[in-house]
Amino acid sequence: MDKISVEKKWNKRWQDTKVYQFDKSNVDNKHYVLEMFSYPSGSRLHIGHWYNYALSDSYARYKVMKGANVFQPMGFDAFGLPAENFAIKSGIHPEDSTLKNIAVMEEQLKNIGAIFDWDAEIKTCMPDYYKWTQWIFCQLYKHGLAYRKKAPVNWCEHCNTVLANEQVVDGRCERCDNQVVKKDLTQWFFKITNYAEELLNGLDDLDWPEKTKAMQRNWIGKSQGGEIEFQLTTGQAFRVFTTRADTLFGCSYVVLAPEHELVKQITTDECRQAVQDYCDEVAKTNEIERLSTAKEKTGVFTGAYAINPINGRKVQVWIGDYVLATYGTGAVMGVPSHDARDFDFATKYGLAIERVIKSADGSDDTLPFCNDGVMVNSDKFSGLTSEEGRLAVIDELEKVGKGKLTTNYRLRDWLVSRQRYWGAPIPVIYCPHCGEVLDENLPVKLPYDVDFRPDGTSPLARHHGFVNDVKCPKCGADAKREVDTLDTFVCSSWYYLRYPDSNNENAPFDTEWIDKMLPVDKYVGGAEHACMHLLYARFFTKALRDMGYLHFDEPFKSLVHQGIILGPDGNRMSKSRGNVVSPDAYVGEYGSDVFRCYLAFGFKYIEGGPWSEDGIKAINKWLDRVERYVLAAFDKYETTDKMGADEQQLNVVRHNTIKSVDADYEAFSFNTAVARMMELVNAMSKYDQAPVKNAKFYQDTALDLLKMLAPLAPHFAEELWEQVGQDYSIVKQAFPTFDENALKLNTVEVLVQINSKPKLRLNVDSSLDRAGLEQYVLSQSKVVELLEGKQPKKVIAVPGKLVNLIV
RNA sequence: GCGGAUGUGGCGAAAUUGGCAGACGCGCAAGAUUCAGGUUCUUGUGGGGGCGACUUCGUGCAGGUUCAAGUCCUGUCAUCCGCACCA
């Protein structure tokens, strides 16, 4: 078979006859299969796209054959930094390059032969999509979930621009190698932290990989503890968060984040220079360096003192880069005796170390002692366990207004402002009289004629018309537009809601309709999105639910991560390594079905692995083998209508294969599905040698094989289906069902072990129970022989498996 | 440092609840077909020992539980991923 030309033929016929179109008229048995949409940065599909899309499509096709009304859309996450950077380098406008890339990728995606519903296609950079992204921004704003505050960005003074983390290499600008510093800008945030608790609890009921759920739990990072107020000797106060209030008596200093608002006020004149120098240094380091455990903890004394509220002691106030302004209260207490890090810090700077917790049995007298134990040297609290003490200390402080029990989350609010051109404009207007006002005259169009080269401001700020041709919607005064754009994660946080209703011009989606279409039944995409995208999307769903726009709690009921296909050298494919394998040459040589089948067979789906060229040749040969035996079944030969021993043998394999392949597809275990089908083909090849064959049975078996293969090699299976005279189309066929009776064997082989060592295999009546099996085996002369006259002390019989005789 | 995973032949990998480790395929070897290469077909293929029916070792390493462990438990090493001093 010329697999390439056959693919063209069937792609066209499928499209012409709309053979697998989603039926919107009845969605009771809908099955929404979604793959993470792609970013059109390179112009062509890479192997990762294929691995994700082609095999998810096989799952979708399998679901169609199982009777589901499958909705499988495709689209493009089209805004983003790479297109803009490419534009700065090449002078090609991001819109032009993006739309061109999309056109190429669309063509390639169509050649996969996937059942994508192109009517539902989304491109996030088009006004008919980002209009609604902006609309959602407005709704979040109106519900108090969008707000502005100052936050640092990476700033290159030489290039006069904001840099993404990705553009900062070892603390320097990737373009000019200049030192990158932090600069505070007022930016927009979404209040995802309002949903921290629900985002955490909701994970329990999701059919997601446990690993992913664990990662999200850690990301949200809930911890219970106490907030304790320290008063400075100069009057001001600040709070620290601690999970170990039981160690409060051992607190000998406190540390503020260098960015803490009090630092400037409280630093004494003698310490001012040192503190200033330290803060300047910290501004140069990124968070990862700052939090590196390999680095020695550093800090400087501010000259200020605070009062430990539990015992009235005066303690020094330090600043240290290991305390983050964004986590907890931006201040921590130092208890050197019971925290390893504090111990190092105190030792280095000569601060007091006093034991206030002893081990429960008193046996461990080393410091630091970081486990729970029993309080000592703690006034009236001495003798309490750590667990009791934590509550008692906070309780005591609460009485005097100096403490409370709190829950702290690691999760931070989501910063959505980008000082970039290629994104959805933030629909806000700044009026000299009314302040910030939403612009609900949507879309706020992204102008085309913008100078997006970096010059110290957001590119849109330089577009005079965009910024200034606007009146305040409230009072009509001359006003100015917001010039930042939205993070592309905003676009991708709701696209799954748009797909089912992507042509709706009156709303982002119809509530009643998406309540029927959502949640997504199977979401497939990379594990790298475990914390950001998947969490943001869950947040959007919950926020929109609380506003009444939809009525379900979670966007993605079931989630699968595909693995990563590595280069032939076992490393991640990258241009710099020179190990990138393009799918194009293989698809061109063998066809998309062969390529898809190789991806299916060569890897465990969720793990991926190194690319190998040998594997694809093997699959090509195997499909040829399939063709030979399917055609052989419909060839002329001497026939019988009896089900003899040969037929029975093949029939058992046939039904076993159906049973296994069905379960394998459901579980995304494509490699074993192919293996089982190979076994069936091997059995057919053996049966083919029989001089007289049961044609009806042989042909039915061949047709079952084609149906099972159709999800993985759709064009190939469709072509053979036609060649053996079946009616169009195999896509519409029900997945084969297996006959339980065909699998029931009269006899089954059991293993006889003596002292757990395999000795003998016996065919026994499969209906025997434990006692019957034991009795039967012991009566066999061969077994008696093996026992050499000894009596078994113990007999373990497992019906259908083995009998173990202990002598 | 914390969290999560992974570790099985020369290679990709299989292996319900603990129940014959290595299915399926690649590669390799031998044979048949072929002028030859390719294709196709047959057989073999974890290591050691034995002519042999057999025997022994074997799932990163070391222990343990069990009649029985790739699977469960403890410890340990290595690799990968994620988060990053989380107070």
Side-chain angles (χ1 to χ4, degrees), chain A residues 209-219 221-223 225-226 240-245 247 254-255 287-297 320-324 326-335 338-342 344-345 408-411 527-528 530-531 564 566 570 572 598 601-604 606-619 621-622 624-625 628 660 663 669 671-682 685 688-689 749-761 792-798 800-807:
Chain A
E210 282 306 319
K211 166 185 139 180
T212 309
K213 293 205 255 185
M215 280 163 78
Q216 278 208 4
R217 286 190 188 104
N218 290 341
W219 187 271
K222 179 178 181 173
S223 60
V240 303
F241 175 75
T242 179
T243 56
R244 291 297 304 273
T247 66
V254 292
V255 186
E287 204 164 281
I288 290 178
E289 277 172 47
R290 211 169 138 171
L291 303 179
S292 163
T293 45
K295 199 174 96 297
E296 202 180 346
K297 313 308 172 216
D321 63 355
Y322 68 94
V323 179
L324 298 178
T326 50
Y327 182 77
T329 57
V332 302
M333 62 180 197
V335 184
H338 304 294
D339 180 288
R341 186 193 47 226
D342 294 349
D344 292 343
F345 194 87
N408 193 44
Y409 299 92
R410 201 186 80 105
L411 184 69
E528 68 272 19
C531 292
I564 297 170
L566 305 169
R572 212 175 249 265
Y598 169 59
F601 182 60
F603 310 90
K604 182 171 184 165
I606 58 169
E607 285 178 6
W611 172 260
S612 145
E613 193 166 285
D614 297 332
I616 195 164
K617 287 180 191 155
I619 280 291
K621 284 204 281 187
W622 180 66
D624 290 342
R625 187 170 154 88
R628 270 198 304 285
S660 304
S669 183
N671 56 343
T672 52
V674 175
R676 296 289 91 80
M677 288 189 269
M678 285 174 167
E679 283 172 338
L680 178 57
V681 175
N682 290 347
S685 130
D688 197 59
Q689 323 260 309
E749 189 184 82
V750 300
L751 176 74
V752 179
Q753 293 179 318
I754 294 181
N755 289 337
S756 306
K757 304 234 180 211
K759 290 289 176 190
L760 180 67
R761 285 155 193 88
K793 274 191 297 195
K794 189 174 175 185
V795 179
I796 297 114
V798 183
K801 301 260 178 183
L802 54 73
V803 176
N804 191 1
L805 308 170
I806 311 302
V807 298

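Chain letters run A, B, ... following the sequence lines, proteins first and then strands; every chain starts at 1. Model, not experiment: these values are computed from the prediction.
- To the nearest 0.5 angstrom, A:K604 atom NZ is 8.0 Å from A:N671 atom CG.
- The 5' end of RNA chain B is approached more closely, in terms of each residue's nearest nucleotide, by A:R676 than by the other of A:R244 and A:R676.
- Scanning for salt bridge (Lys or Arg N to Asp or Glu O under 4.0 Å) contacts around A:K222 gives A:E197, with sequence neighbours left out.
- Within 4.0 Å of A:G602, counting heavy atoms only, lie sugar-phosphate atoms of the nucleic acid but no base atom.
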Taking only nitrogen or oxygen atoms into account, show me every contact under 3.5 Å that the protein makes with nucleotides 6-9 of chain B, one pair per line with its distance.
none

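- Taking the nucleotide of RNA chain B with the nearest heavy atom to each of A:C531 and A:Y598, the more 5' of the two is matched to A:Y598.
- B:C81 atom P lies 17 Å from atom CD1 of A:I606, rounded to whole Å.
- B:G70 and B:C81: their P atoms are spaced 30 Å apart (whole Å).
- A gap of 9 Å separates the P atoms of B:A13 and B:U8, to the nearest Å.
- Straight-line distance between the P atoms of B:A69 and B:G25: roughly 30 Å, to the nearest whole Å.
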N/O to N/O distances under 3.5 Å, protein versus nucleotides 41-48 of chain B:
{"from": "B:C41", "atom 1": "OP1", "to": "A:R625", "atom 2": "NH1", "distance (Å)": "2.3"}

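- In this structure, the CG atom of A:D339 is 13 Å from the P atom of B:C2, given to the nearest Å.
- Side-chain atoms of A:V750 and A:L802, non-hydrogen and from C-beta on, never get closer than 4.5 Å to each other.
- B:G38 and B:G22 are spaced 32 Å apart, taking the P atom of each and rounding to whole Å.
- In this structure, A:Y327 reaches the B:A87 phosphate: one of its side-chain N or O atoms is under 4.0 Å from OP1 or OP2.
- At a threshold of 4.0 angstrom between heavy atoms, the contacts of A:S612 with the nucleic acid are absent.
- Below 30°, between 30° and 60°, or above 60°: for A:F603 and A:W611 the angle between ring planes is below 30°, a parallel geometry.
- A:R410 places its CZ atom 16 Å from the P atom of B:C2, with the value rounded to the nearest Å.
- Annotation: the span from A:L760 atom CG to A:L751 atom CG amounts to 8.0 Å, rounded to 0.5 Å.
- In this structure, the CG atom of A:D344 is 13 Å from the P atom of B:G1, given to the nearest Å.
- Across the P atoms, B:U6 and B:C86 are found 25 Å apart, a figure rounded to whole Å.
- Residues A:Y322 and A:F345 have side chains in contact (heavy-atom distance under 4.5 Å, counting atoms from C-beta outward).
- Rounded to an integer number of Å, the gap from A:M215 CE to B:C2 C1' is 13 Å.
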Before you tell me yes or no, could you show the steps for A:T329 and A:N408 under side chain to side chain contact (heavy atoms under 4.5 Å, CB included), namely the whole-Å CA-CA distance, both residues' side-chain angles and the distance that decides it to 0.1 Å? CA-CA 9 Å; A:T329 57; A:N408 193 44; over 6 Å; no
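- Applying the salt bridge (Lys or Arg N to Asp or Glu O under 4.0 Å) rule to A:E749 yields no partners; only residues at least two apart in sequence or on another chain are considered.
- Within the 4.5 Å cutoff, the side chain of A:M678 has heavy atoms near those of the A:I619 side chain.
- Distance check on atom C1': B:C72 versus B:U65 gives 8 Å, rounded to whole Å.
- In this structure, A:K621 reaches the sugar-phosphate backbone alone: every heavy-atom distance under 4.0 Å involves primed, P, OP1 or OP2 atoms, never a base.
- When heavy atoms are screened at a 4.0 angstrom cut-off, A:D342 is found touching no nucleic acid atom at all.
- A:E210 CD to A:R217 CZ: the interatomic distance, rounded to the nearest 0.5 Å, is 6.5 Å.
- When distances are taken from the side chain of A:I806 to each of B:C67, B:A23, B:G25, the shortest belongs to B:C67.
- With B:G25, B:A23, B:C86 as the choices, the nucleotide that has an atom nearest any side-chain atom of A:A618 turns out to be B:G25.
- A:T247 has its side chain within reach of A:M333: a pair of non-hydrogen atoms, C-beta onward, lies under 4.5 Å apart.
- Here, B:A30 and B:G49 have their C1' atoms 24 Å apart, quoted to the whole Å.
- At B:A5, none of the side-chain N or O atoms of A:K211 fall inside 4.0 Å of OP1 or OP2 (strictly under the cut-off).
- Within the structure, every side-chain polar atom (N or O) of A:N671 is placed at least 4.0 Å from both OP1 and OP2 of B:G12.
- Backbone-only engagement by A:K759 is indicated by non-hydrogen atom pairs under 4.0 Å involving sugar-phosphate atoms exclusively.
- Nucleotide B:U45 has B:G27 as its partner under the Watson-Crick or G-U criteria, with both atom distances under 3.5 Å.
- Side-chain contact between A:V240 and A:V255 is absent, with no heavy-atom pair separated by less than 4.5 Å.
- Nucleotide B:C2 is matched to B:G82 when pairs are restricted to Watson-Crick or G-U wobble geometry with both distances under 3.5 angstrom.
- Within 4.0 Å of A:G330, counting heavy atoms only, lies no atom of the nucleic acid at all.
- In this structure, the CG atom of A:L680 is 13 Å from the C1' atom of B:C24, given to the nearest Å.
- One interatomic measurement links the two molecules: CG of A:N218 to P of B:G1, which rounds to 17 Å at whole-angstrom precision.
- Across all strands, A:W219 comes closer than 4.0 Å only to sugar-phosphate atoms, never to a base (heavy-atom distances).
- Between B:G50 and B:A32, the two C1' atoms lie 32 Å apart (nearest whole Å).
- Counting to the nearest Å, the C1' atom of B:C80 and the CD1 atom of A:I564 are 10 Å from each other.
- Two residues are said to be in side-chain contact when any heavy atoms from C-beta on lie closer than 4.5 Å; A:R625 and A:S685 meet this criterion.
- With sequence neighbours excluded, no residue forms a salt bridge (Lys or Arg N to Asp or Glu O under 4.0 Å) with A:E613.
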All N/O contacts under 3.5 Å from nucleotides 15-21 of chain B to the protein, with atom names and distances to one decimal?
{"from": "B:C20", "atom 1": "O2", "to": "A:R761", "atom 2": "NE", "distance (Å)": "2.8"}
{"from": "B:C20", "atom 1": "O2", "to": "A:R761", "atom 2": "NH2", "distance (Å)": "2.6"}
{"from": "B:C20", "atom 1": "N3", "to": "A:R761", "atom 2": "NE", "distance (Å)": "3.4"}
{"from": "B:C20", "atom 1": "N4", "to": "A:E749", "atom 2": "OE1", "distance (Å)": "2.9"}

